[in-house]
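Worksheet: the structure to be examined is printed underneath.
Worth knowing before you read on, the calculation uses all heavy atoms, side chains too, and leaves out hydrogens, waters and symmetry mates.
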Amino acid sequence: MSMHMEKSTTAGQAPGTEEPPDIGARTQVVEDPHRLTALQGLAALSLDAMASVAYGPESIVLVLAAAGAYGLGFTLPVTLAIAALLAVLVASYRQVIAAFPDGGGSYAVAKRHLGRRTSLVAAASLILDYVLNVAVSVTAGVAALTSAFPELYPERVWICLAVLVLVTAVNLRGVVDSAKAFLVPTAVFVGSILAMVVVGLFRDGPVSTASAAGHASVLGEGATTVGALLLLKAFAAGCSALTGVEAVANAVPSFRAPAARRAQRTEVALGALLGVMLIGLSVLIGRFHLQPVEGVTVLAQLADASFGHNAAFYVVQFATMVLLALAANTSFGGLPVLMSLLARDNFLPHVFALKADRQVHRHGVVWLALVSAALLVFSGGDTNTLVPLFAIGVFVGFTVCQIGMVRHWRGERPRGWRAKAALNGFGALLTGVSAVVVTATKFTEGAWLIVLALPLIVLAFEKIHRAYAQIGERLELGRIPQAPLRSRSLVVVPVSGLSQLTCQALTAARSLGDEVLAVTVTHPVPEDQQAAEALRRDWELWKPGVELVEVPSSTRSLGRPVSAYVRELTETHPGTQVTVLIPETEPAHLWQRMLQNQRGSVVAHAVRRDTDAVICRLRFRITDDVR
């Protein structure tokens, strides 16, 4: 038997994270096996960015193809501009990691330097980006699978949901387990792309064009001029390859100590690998004079041209398919940490700040999985339905973060702060322009949903924050309360018959209160009247020393009569603490609980809803040895 106290209270603010150990200390630091190393962080938090090389260069080529073969000649310059922006972002987020070791990325930067409202815009944009990344990554990976096996196409939604369940299950075991599980696919993908680039650079021409044979070209005809607007659109489209760069800065607390230093190494490694792959692929596009065709990806054509239509070609395709599907893991590594920070600041329910045994923000992981599953079902597993919504949020976050870092340098003024501020200012200009261009060009294709969703999420943050503020004011959080006083205690025990459970309940009640009342609800139905008369007679014979109060009810309800009687007691006994002790049996096996009538839950719900009484749930455990 055990007794659980319940009262309507609000959980206090979740405790903050512990300070990281002093790097210079000579004491030995015990490494937490449930936190990431730099290499594991690269596998757990970079899949989104790594997988973007599968569609980033293709996005550039498809835009420039409108200007014909002449337009494709600008693929490398546009990619170099994106690589330059990537270098700016990596340098910026490296500084963000050092300045904000508790994670949060653009949200943490904006919160300190740009005000609460701007920080909420950054947080909302990151949440949208992370959720859409899961849906886009899973659908893109499954699309690659159904391209290879067309007979699976009708079942694509179920396959998407199965992949999502797999990624979610791995992440519920901890971020380290997800990193270990996805380390090999990441290494195979990066290795195959780099090998393809190296081999392709030694080719004078494409080894094979079998993958593109028989497919219609999407190259524009007769267009020879390339305007600034087209280049701007190509730049903005190619910037989709930069999604995921911010994930490491958002999840710094997930790394082993020294967390900031490990996260910085991961950020630099991510930027270097992504930059090399993007530039290498663009060089190959120009070297092989590649033209986009319908139904075949640019990456597939490059693999065909470099390796030939052989086993190496299929390794690249399979690795791309797997990594695209698993790129959703980046969101599972970054978003729960961001949500925990928002919860600590009272902008999300405090439950999102809780951690499981393996350092998992389980509620954030489950919430992300459920929302992503809804998106997958809504889109029908179609990547093209989701892509127009993708990457807008991350550009907003990039821009806010860069502007915040400019304010950071102007306030801190360390050595060389002017150059650093100029670098961040230039990055803010580039990402801001990209955000405007992407939103404008994709507005009618679904981007209007993001424009609408951003302010709605910010309003939800504000409403939650006001609710917590009102609760905190009512509870006088942060103030020293008056000394506790002892008040008279009255315990009410609902009963329906005599048993060992009734005896245990009254024993517990008499130890808790100055006065105990047993309450039974009676109904006018003849059989119920007979039961009430039997209970009254047995009670007089038992003589437990506790008064039995009969509460008549004209209906068959149980909870409302009890709550009404409790409310009457509180009105007639001012200054008395009324407690309702509800006895319940707890069977030995879980399936046996379905056999119970749930009267205790009904009474507890009614009393909690209608009164301010304290609720005690006394559980009488029934073990297997009881016959």
Side-chain angles (χ1 to χ4, degrees), residues 45-52 55-56 59 85-86 89 92-93 96 103-110 118-140 164 167 236-251 270 274 324 327-339 341-342 348 364-365 367-369 371-372 374-376 379 383 385-402 431-432 434-439 442 445-458 460-461:
L45 301 172
S46 69
L47 296 182
D48 178 17
M50 294 296 183
S52 66
Y55 49 79
S59 300
L85 177 57
L86 172 64
L89 290 173
S92 174
Y93 276 107
V96 171
S106 57
Y107 167 69
V109 175
T118 306
S119 71
L120 295 182
V121 172
S125 66
L126 285 173
I127 287 176
L128 288 172
D129 176 63
Y130 277 136
V131 172
L132 286 168
N133 171 60
V134 173
V136 169
S137 299
V138 172
T139 54
L164 179 61
V167 177
C239 278
S240 60
L242 302 181
T243 58
V245 173
E246 78 291 347
V248 176
N250 289 334
L270 167 61
L274 182 57
L324 278 169
N329 193 68
T330 297
S331 295
F332 283 97
L335 182 57
V337 176
L338 174 62
M339 294 178 72
L341 296 178
L342 287 166
L348 282 179
V365 170
W367 179 89
L368 175 58
V371 176
S372 301
L375 274 177
L376 290 172
S379 66
T383 307
T385 304
L386 299 169
V387 166
L389 312 179
F390 191 45
I392 296 175
V394 75
F395 286 137
V396 174
F398 283 161
T399 306
V400 169
C401 185
Q402 300 282 338
T431 55
S434 298
V436 173
V437 172
V438 172
T439 303
K442 302 293 185 180
E445 299 177 31
W448 62 272
L449 285 172
I450 302 300
V451 176
L452 179 64
L454 266 175
L456 290 178
I457 295 177
V458 172
F461 288 156

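A donor-acceptor pair is defined here as one N or O able to donate and one able to accept, closer than 3.5 Å; such a pair exists between the side chain of S125 and the backbone of A122.
Here the closest heavy-atom approach between residue A124 and residue V458 is recorded as CB-CG2, 4.1 Å. When every heavy atom of L164 is checked against every heavy atom of A369, the shortest pair comes out as CD2-O, 3.5 Å. Considering all non-hydrogen atoms of both residues, S119 and A110 come closest at CA-CB, 3.4 Å.
Here the side chains of V121 and F461 are not in contact, with every heavy-atom distance at 4.5 Å or above. Contact annotation: the side chain of D129 never approaches that of V396 to less than 4.5 Å [non-hydrogen atoms, C-beta and beyond]. Looking at L375 and L132, their side chains come closer than 4.5 Å, going by heavy atoms from C-beta outward. A heavy-atom distance below 4.5 Å is not found between the side chains of F395 and T439. You'll find the side chain of I127 reaches within 4.5 Å of the side chain of L342, heavy atoms only. The closest side-chain heavy-atom distance from Q402 to L89 is below 4.5 Å.
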Side chain to side chain contact (heavy atoms under 4.5 Å, CB included) between V109 and V400, worked out: CA-CA 8 Å; V109 175; V400 169; over 6 Å; no
Working for side chain to side chain contact (heavy atoms under 4.5 Å, CB included), residues V134 and V371: CA-CA 10 Å; V134 173; V371 176; over 6 Å; no
Step-by-step side chain to side chain contact (heavy atoms under 4.5 Å, CB included) determination, Y93 to C401: CA-CA 9 Å; Y93 276 107; C401 185; 3.7 Å; yes
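The structure places CG of L126 at 10.5 Å from CD1 of I457, a figure rounded to the nearest 0.5 Å.
Just one residue in the list L368, V365, L348 forms a side-chain contact (heavy atoms from CB on, under 4.5 Å) with M339, and that residue is L348.
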